[in-house]
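Encoded as structure tokens, the structure appears first; notes follow it.
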Number of protein chains: 2
Amino acid sequence: MLTDRQMLILRMVVDDYVRSMEPVGSRTIAKHPELTLSAATIRNEMADLEELGYLEQPHTSAGRIPSQLGYRFYVDHLIKMHSKLSPTDVDSIKSLFGERVNEVERVAQQTAVILSGLTQYTSVVLGPQVYETTLRSLQIVPLSDHTAVVLVVTSSGQVQNRTVTFPEGISLRESQRLVKLLNDRLQGTPMYRIRSRMMEELSREISRHMEDYEEALRLLDQIVTVIDSEATEKVFLGGATNMLLQPEFRDVQKATPVLTWLEHKDRVGDALREEGSSGDKLKIRIGGENDIAMLQGCSVITATYQVGDNPFGVIGVIGPTRMDYGRVIALLDAMSQGLSDMYARLYKT
Amino acid sequence: MLTDRQMLILRMVVDDYVRSMEPVGSRTIAKHPELTLSAATIRNEMADLEELGYLEQPHTSAGRIPSQLGYRFYVDHLIKMHSKLSPTDVDSIKSLFGERVNEVERVAQQTAVILSGLTQYTSVVLGPQVYETTLRSLQIVPLSDHTAVVLVVTSSGQVQNRTVTFPEGISLRESQRLVKLLNDRLQGTPMYRIRSRMMEELSREISRHMEDYEEALRLLDQIVTVIDSEATEKVFLGGATNMLLQPEFRDVQKATPVLTWLEHKDRVGDALREEGSSGDKLKIRIGGENDIAMLQGCSVITATYQVGDNPFGVIGVIGPTRMDYGRVIALLDAMSQGLSDMYARLYKT
DNA sequence: GTTAGCACTCATCTGTATCGAGTGCTAACA
DNA sequence: TGTTAGCACTCGATACAGATGAGTGCTAAC
């Protein structure tokens with residue numbers, strides 16, 4: 001285990017390196033008023049910390065930078081959690097959640113924008129999860145003889161739509177009948193059970209109501225696809241190009257993989273959802289701790305927001321390993337709380 | 001006016017520079033079999049072309065590169081339009097439009113993906129325009145006592161939805177009545193006239209039907225906002241990070257503004273829509289010809305796709321000024337044709 | 001255990017020399 | 001008059017050599 005003094009020094013190295021992105025030398029630490037030791041003593045301690053794996057040296061005559069293990073120890077034991085938010089931050093958050101919400105998705109989008117704006121990193125907001133949401137309404141609006149729009153509305157207010165074409169043997173009237181049938185039977189069913197429920201309960205119903213069984217099933221399949229795609233909640237990205245502001249990504253070679261990975265929202269959503277489903281309220285992945293190869297030069301911090309005891313959605317920040325962990329954690333905390341409150345106000349009254 | 005030989009040389013310089021991104025010297029051109037002249041003669045011609053403003057020299061002892069004017073002359077007079085597409089390209093496009101379409105938006109998204117994949121530039125696809133689209137259906141699905149989802153479906157199959165909260169004085173029943181009223185009156189109205197139509201025709205109707213006039217208007221305003229946001233068609237981006245593949249954007253300083261600009265789809269959509277509305281089927285903006293400051297280091301090529309004689313949507317490619325114009329134009333041509341055909345098949349039968 | 005002193009390391013900076021691609025110009029040639 | 005060979009010249013790119021200085025590890029004294 002580390003001595004108090006070693007921990008103090010480690011904390012200083014991390015704080016300083018996060019701020020300046022320059023390897024921290026013994027002199028710099030020695031100057032710090034919190035410590036009354038000479039540079040030589042610091043050097044000894046730093047050598048020890050390096051041997052223990054918490055620090056590393058880019059080259060012989062440079063200062064030290066935190067290793068992955070160093071960051072890990074920092075976030076686990078050394079981080080100063082309190083009073084990290086400036087009044088400006090608090091204001092931004094307050095104004096975001098303070099205004100009257102009548103456009104739920106806009107809030108999620110804005111959360112992403114503000115979170116990336118305040119952190120200068122990339123942010124991701126996953127819309128409300130589906131654990132508790134049920135099917136509210138299924139509708140079909142005809143467009144032409146062969147096309148129509150299928151609409152799916154869930155109890156959480158999410159909407160999915162898709163233009164579908166009718167298979168040859170099926171008329172508009174029949175498909176409307178089919179949709180009405182589905183509506184009656186499936187309303188209130190949890191979203192994640194729809195597919196199985198629909199298939200087992202309805203296939204024989206359909207054979208009774210519809211003349212052309214085969215074709216009806218094909219249409220049914222289209223509709224289920226729409227419902228399924230609703231089950232995957234929406235992904236909002238903020239400040240993807242903030243990545244380029246970070247000195248570690250000034251080299252395009254480094255930045256391209258991450259930017260490209262971020263380009264596909266579904267991938268990003270999948271990754272974050274997995275993080276969020278671990279059960280912890282806050283999850284921190286530092287560098288190589290990330291499973292995704294493209295993110296091994298990054299740190300990812302995720303927080304879940306919820307209503308009551310149900311995990312409900314995920315928000316996260318993606319930035320360089322050299323990240324201001326304390327600040328990001330505080331912001332995520334405040335924002336997830338804000339989202340939780342907002343959804344609570346919206347659905348439980 | 002340029003002589004034939006000057007034009008030939010200009011074309012060669014552009015072709016060569018587009019391929020290699022290296023200033024083209026007189027020797028390189030002289031080697032070309034299509035020309036039997038010595039390097040010295042080429043040098044004279046190149047000096048003339050530079051004087052005329054078609055070429056420029058990065059520095060005294062370097063080869064020439066095309067100026068903005070040079071590119072302009074190239075695309076106006078020198079470009080080889082035909083047989084630019086390889087069989088692979090044609091296959092990709094065929095397979096995109098060949099498959100049975102039952103998810104219209106997916107096709108637009110895929111168009112963007114394939115277009116950026118084939119060009120290695122960034123692509124933008126604007127969904128069908130609204131000139132001819134009318135309101136098909138307006139629906140409201142209640143979620144709780146105070147919230148509901150408003151759905152707008154247009155004749156072109158576009159759907160917009162928004163969760164709205166009811167103002168204090170208005171009940172669910174009343175809002176349903178309001179929506180039904182709107183539905184009856186506005187169905188078939190062109191989208192761009194909805195706002196004015198609604199306001200002038202309905203405000204007095206509402207005062208008769210609804211108890212609380214003020215509050216009803218507020219709800220109405222929310223609904224109109226939903227409809228308005230539908231009038232702005234959807235924007236699909238492909239390969240935004242392809243920008244980083246281009247050597248001219250290897251420097252993060254150069255890339256960041258463009259990437260950041262691309263991040264806001266509505267901005268991108270606005271810009272492209274303006275291009276598309278000029279009336280020309282194909283529009284090419286080279287470097288400084290772009291109005292948007294962030295794009296002055298880029299070239300933007302847009303093409304409209306249509307059904308019958310109605311302009312319907314826009315697709316475009318954004319890349320460095322040093323762009324393979326011939327290929328991009330051919331691809332845009334093929335893709336806009338494909339989209340036109342697809343929408344024709346979908347709506348006019 | 002702490003500290004001052006010192007030799008050592010090594011990335012970075014700066015100045016210089018070299019190289020070579022490409023030019024413009026001139027004079028000779030068809 | 002148009003074309004070409006020859007040549008001096010320009011200037012970015014590359015390579016190399018010191019010089020600089022931040023920072024280290026080690027030793028010996030406190």
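Excluded from the calculations below are hydrogen atoms, water molecules and symmetry mates; all remaining heavy atoms, backbone and side chain alike, are included.
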Pairs meeting criterion salt bridge (charged side-chain N to carboxylate O under 4.0 Å, His left out) with involvement of residues 65-79 of chain B, two or more places apart: B/Arg72-B/Asp76, B/Arg72-B/Glu289

A/Tyr74 ring center within less than 6.0 Å of A/Tyr54 ring center: no

Those residues that, when tested against B/Ser116, pass side-chain contact (heavy atoms from CB on, under 4.5 Å) (two or more places apart): B/Ser123, B/Asn242

Represent DNA chain D in dot-bracket notation, 5' to 3'. Only Watson-Crick or G-U wobble pairs with both distances under 3.5 Å count; pseudoknot-style crossings use [ ] and interstrand partners use |. ||||||||||||||||||||||||||||||

Note, A/Leu49 side chain near A/Leu2 side chain (heavy atom, < 4.5 Å): yes

Which residue pairs pass the salt bridge (charged side-chain N to carboxylate O under 4.0 Å, His left out) test when at least one of the two sits in residues 50-65 of chain B, sequence neighbours left out? B/Glu50-B/Arg64

Of the residues in residues 44-65 of chain B, which ones touch DNA chain D at a heavy-atom distance under 4.0 Å? B/Asn44, B/His59, B/Thr60, B/Ser61

For chain A and DNA chain C, what are the first and last nucleotides along the strand, 5' to 3', with at least one atom under 4.0 angstrom from a heavy atom of the protein chain? C/dT2 to C/dA11

Partner of A/Ser92 under side-chain contact (heavy atoms from CB on, under 4.5 Å), chosen from A/Leu118, A/Leu85, A/Leu331: A/Leu118

For A/His264, enumerate each residue passing the ring-ring contact (aromatic ring centres under 6.0 Å, His included) test, keeping only those at least two apart in sequence or located in another chain. none

Tell me the salt bridge (charged side-chain N to carboxylate O under 4.0 Å, His left out) pairs involving residues 16-29 of chain B, sequence neighbours left out? B/Asp16-B/Arg19

Please output the side-chain donor-acceptor pairs of residues 32-45 of chain B that fall under 3.5 Å, not counting sequence neighbours, one pair per line with the distance.
unit_1: B/His32; atom_1: ND1; unit_2: B/Glu34; atom_2: N; d: 3.4
unit_1: B/Glu34; atom_1: OE1; unit_2: B/Arg11; atom_2: NH2; d: 3.4
unit_1: B/Glu34; atom_1: OE2; unit_2: B/Arg11; atom_2: NH2; d: 3.4
unit_1: B/Ser38; atom_1: OG; unit_2: B/Ala40; atom_2: N; d: 3.3
unit_1: B/Ser38; atom_1: OG; unit_2: B/Thr41; atom_2: N; d: 3.4
unit_1: B/Ser38; atom_1: OG; unit_2: B/Thr41; atom_2: OG1; d: 3.3
unit_1: B/Arg43; atom_1: NH1; unit_2: B/Ser26; atom_2: OG; d: 3.2
unit_1: B/Glu45; atom_1: OE2; unit_2: B/Arg5; atom_2: NE; d: 2.7
unit_1: B/Glu45; atom_1: OE2; unit_2: B/Arg5; atom_2: NH2; d: 2.6

Considering residues at least two apart in sequence or located in another chain, which fulfil the side-chain contact (heavy atoms from CB on, under 4.5 Å) criterion with B/Asp291? B/Arg285

Which of residues 16-42 of chain A sit near DNA chain D, with a heavy atom under 4.0 Å from it? A/Gly25, A/Ser26

What pairs meet the salt bridge (charged side-chain N to carboxylate O under 4.0 Å, His left out) rule with one or both residues in residues 244-265 of chain B, with sequence neighbours excluded? B/Glu248-B/Arg322

Side chain A/Glu275, main chain A/Lys283, donor-acceptor under 3.5 Å: no

